[in-house]
Amino acid sequence: MFRAEILGLVTTTATKVAAAVALLGLVLTQLVFVVLLPALATGQVGPGAEALGGDLPVVDLTAAVTQLDALSPLGTTLGGGSIGLALVAIVLLGVLAGTSDDRHGGIVGAVLASPRRTRVVVAKAAAVGAGAAVVGIMLAIVSLLTLVGSLALTATPFTAVTGAVVATSARGVLAVTCLAVVGLAVGILCRSQLAGVLVMIGALVAEPIVAAVAQLVGGGASASWTQFLPVALAQSVIHGGGGTVSGGVAIAALLALTAVALVAASIALSRRDV
């Protein structure tokens, strides 16, 4: 069953498009944050930092921490809940994989081949997880190449430790995999591709709004619970922790969120009349 799901995943046009959009979105994001912003700060492009003043975000690529942040396979961001094209494409890859069988009628054959529908969900999750991991590795390589190219152009030394680079990239692949599987669960729950896409995009757009409102209500301090929202959690995993959430807690929480989503999808499919 896993082989059948993998075959269906790699031969579906939507999967290829989602992966391509994720790569393109990451390239555009990294060009802005890793190449354009440092060039604006040094005056190589535009009027210079003095003319732009406080409107120009500070991106110090000489710092090892900034270099590690730039290795995120979801793209460099200015906030834990920020969303980008790569992130949207990754979760939609999962949503489309979760709704494709319902759309084309393949779910009937899948449940007939395996009456225990939990196995169907597990096979789909394994296939999407494997595919997302491959995409995540590609995204991590693109981020690394973009960073190295930018540093080479500006004659900036690579100060990040090799072990930290590998760890950040590995955590990034894990985050990408979990987000895609969560998207798969949402797709199975919604059944309809349009409904799944709308729900997932709505959740992504709502997260930074919810976090901002919580911060306003809290008098400017970020509410600790907002760090456990999906996107913020994924960013914390990639960067080895964020705010009051440590890296280990972030990984455990993201894995738990993924497991809960899969359990909900499995229960829904088991009770569904296909």
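FYI, side chains are in, hydrogens and waters are out, and symmetry mates aren't considered; it's all heavy atoms of this structure. Along the sequence shown, the residues carry numbers beginning at 1. Quick caveat: nothing in here was measured; it's all calculated off a predicted structure.
Between the side chain of Gln67 and the main chain of Phe158, no donor-acceptor pair closer than 3.5 Å is present. Put simply, the side chain of Glu207 gets close to the backbone of Ala232: a donor and an acceptor are under 3.5 Å apart. Not a single donor-acceptor pair under 3.5 Å links the side chain of Gln193 to the backbone N or O of Thr99. Between the Ser72 side chain and the Leu74 main chain, a donor and an acceptor come within less than 3.5 Å of each other.
With values rounded to the nearest 0.5 angstrom, Ile251 atom CD1 is found 11.0 Å from Ile238 atom CD1. One finds the CG atom of Leu26 at 9.0 Å from the CG atom of Leu31 (value rounded to the nearest 0.5 Å). Atoms OG1 and CG, on Thr146 and Leu71 in that order, are 10.0 Å from each other to the nearest 0.5 Å. With values rounded to the nearest 0.5 angstrom, Gln235 atom CD is found 12.5 Å from Leu229 atom CG. Taking CG from Leu24 and OG1 from Thr29, the interatomic distance works out to 9.0 Å, rounded to the nearest 0.5 Å. In this structure, OG1 in Thr15 is found 11.5 Å from CG in Leu92, a value given to the nearest 0.5 Å.
The cluster map of Ile, Leu, Val, Met, Phe, Trp and Tyr, joined by side-chain heavy atoms under 4.5 Å apart, puts Leu85 and Val176 in different clusters.
Among residues two or more places apart in sequence or in another chain, the side chain to side chain donor-acceptor pair (under 3.5 Å) test is passed with Ser266 by Thr118. Applying the side chain to side chain donor-acceptor pair (under 3.5 Å) rule to Ser246 yields no partners; only residues at least two apart in sequence or on another chain are considered.
Listed by first and then second residue, the side chain to side chain donor-acceptor pair (under 3.5 Å) pairs involving residues 160-171 are Thr168-Arg171 (not counting sequence neighbours).
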